[in-house]
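Inspection log for the structure reproduced underneath, given as structure tokens.
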Amino acid sequence: MKAAAVVPAQREVRLMEHPEPALASPTDVKLRVLEVGVCGTDREIVTFQYGDPPAGSEYLVIGHESLGEVVEVGAAVTRTRPGDLIVPMVRRPCPRPECGPCRAGRQDFCVTGEFTERGIRGAHGFMTEFVVDDERFMNVVPPAIRDVAVLTEPLTIAEKAIAEVWKVQQRLPASRPAEPGHPPGRGQRAVVLGAGPVGLLGAMLLVEAGFQTTVYSRASGPHDKAGLVRLLGGEYIAAETHTLEQLAAHVGNVDLVYEASGASRIAFEMLAVLGTNGVFVFTGVPGRKGPVELDTDRIMRNLVLNNQVVFGTVNAGRDAYEAAIRDLATFAARWPRPLRRLITSRTPLAGAPRLLTGEPAGIKSVVTVA
Ligand code: BGC
Ligand code: ZN
């Protein structure tokens, strides 16, 4: 079968023949891949800055944001059956008995670092015709959201983040008691850094959670991200017209920053204007561009004197996938057109190498396999 792969030793990104997988255990599920999203991580992999082929393989089949359809199930499979739509998880647990998170099914918190990630690190990905994996890594998606379900994986990043934010904020005495009918973020202000797919999906989740949400990003570009954010009920502020000081003065107390730009300098400058009792969540993985100068006294004073919490988050567990699937259905009902507008191109598998190595364009580019 055909697959899009990187061959690091030859510095190549190409379509190749890859053996079609077969069920190997009674709990295995075989999927026909339908769609695969492309993200910044893939672009790092195709420029050989990140990612590793599986042990013993010269190449890595790329692709981790996927949607498939079940074509065959092992005898012991109970979660799914042929015809179901599935979004598989990305990370696979490490083999160490002493790794509590992996043994508990929370490999997103793996402590040994020996996990693999399909399409990224040590395991083939989904930009190919068929894949097989254990049913415990599969999430069933309702047919009603088929056209946007490939956005599930990037939304899991925000789902994991917001679940952690609620836990962190339980530290606050007046931690707004959940009033019936009122979303938990009501009365709070969130800033999203970056208007790529992770930022825009994060903004949707924050608006849905009741936050007054402001997206701060560079040039809106041909896809009118500013207009899109306004359609969601958020505010868009361009980096070209507002400094971070002006942004903060405009927003008021910044209760939450959801960083989704991967731009470290802006992020740390934003940390300097995070509000009282605020939480700052990092999700971007910046390239190594060298040191920058920062006012660390200001940042540290702000952290201490304002009771702030800063955390990073990577990957996601099953609960985040389930939440993302539920919330995509909610978004599709609330913002049918803006949600679909996040997917700005669909390219057949044969065009994947070119798409991956070409100039990034649009918001979310998707490769259609079947
Ligand atoms: C993926 C995550 C993965 C991370 C680091 C991201 O693009 O969405 O699943 O854990 O890259 O490899
Ligand atoms: Zn990704």
Side-chain angles (χ1 to χ4, degrees), residues 4 6 8 33 35-54 60-67 87-94 99 101-102 105-127 131 133 137-139 148-164 194 196-202 205 258-263 281-288 311-325 328 342-344 352 355-356 360 362-367:
V6 285
V33 179
E35 295 191 327
V36 184
V38 171
C39 82
T41 301
D42 299 311
R43 295 189 181 276
E44 296 229 319
I45 297 171
V46 300
T47 50
F48 316 102
Q49 303 174 62
Y50 192 62
D52 293 300
L60 170 74
V61 175
I62 199 166
H64 59 276
E65 303 180 357
S66 68
L67 171 69
V87 171
M89 293 164 77
V90 174
R91 195 175 278 194
R92 299 294 172 265
C94 78
C99 184
C102 283
R106 287 307 303 263
Q107 51 272 15
D108 56 317
F109 287 109
C110 174
V111 292
T112 67
E114 293 177 38
F115 60 83
T116 58
E117 287 180 340
R118 292 203 65 160
I120 301 177
R121 196 181 140 163
H124 288 307
F126 303 116
M127 231 181 252
V131 294
D133 218 326
F137 306 121
M138 307 280 179
N139 300 282
V148 289
V150 71
L151 298 173
T152 301
E153 197 276 343
L155 179 58
T156 62
I157 309 294
E159 296 286 2
K160 177 174 169 182
I162 204 167
E164 292 184 72
V198 174
L200 292 171
L201 287 164
L205 188 60
Y258 182 67
E259 181 282 320
S261 70
V281 187
F282 282 91
T283 78
V285 184
R288 304 286 275 289
F311 70 87
T313 176
V314 69
N315 200 257
R318 175 175 294 287
D319 55 345
Y321 277 80
E322 287 169 354
I325 291 165
L328 272 181
L342 296 184
I343 299 177
T344 43
L355 174 73
L356 285 159
I363 305 174
K364 175 59 76 185
S365 303
V366 168
V367 171

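Both counts, for ligands and for their atoms, begin at 1 and track the order of listing. On a predicted model such as this, the values are computed, not experimentally measured, just so you know. We use all heavy atoms of the structure for the numbers below, so side chains are in, but hydrogens, waters and symmetry mates are not.
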I need the nearest protein heavy-atom contact for atom 9 (O) of ligand 1: residue, atom name and distance, please. N315 ND2, 2.9 Å

Does a side-chain heavy-atom distance below 4.5 Å link P101 with V111? yes

First locate atom CG of L205, then atom CG of L328, and finally report the distance between them rounded to the nearest 0.5 Å. 10.0 Å

Under the criterion side-chain contact (heavy atoms from CB on, under 4.5 Å), which of L60, V90, T41, D52 is the partner of R121? D52

Under 4.0 Å from a heavy atom of Y50: which atoms of ligand 1 are those, numbered in the order shown and with their elements? 5 (C), 12 (O)

Considering only heavy atoms, does P154 approach ligand 1 within less than 4.0 Å through its side chain, its backbone, both, or neither? neither

Side-chain heavy atoms of V198 within contact of Y258, under 4.5 Å: yes

Distance under 6.0 Å and angle within 45° of the ring axis: does K160 meet both against F109? yes

Checking side-chain contact (heavy atoms from CB on, under 4.5 Å) for the pair Q107/F137: CA distance, chi angles, key distance, verdict? CA-CA 11 Å; Q107 51 272 15; F137 306 121; 3.6 Å; yes

Under 4.0 Å between heavy atoms, the region of E153 that gets near ligand 1 turns out to be side chain

Identity and separation of the nearest protein heavy atom to atom 7 (O) of ligand 1: T41 OG1, 2.5 Å

Run the numbers for me: atoms of ligand 1, each under 4.0 Å from some heavy atom of H64, listed by number. 1 (C), 7 (O), 8 (O)

C39: numbered ligand 1 atoms lying under 4.0 Å from its heavy atoms: 7 (O)

Which residue and heavy atom of the protein sit nearest atom 12 (O) of ligand 1, plus the separation: E117 OE1, 2.5 Å

Just verifying a value: how many Å separate I62 CD1 and I45 CD1, rounded to the nearest 0.5 Å? 4.5 Å

Numbering as shown, the atoms of ligand 1 that approach V314 to under 4.0 Å (heavy-atom distance): 4 (C), 5 (C), 10 (O)

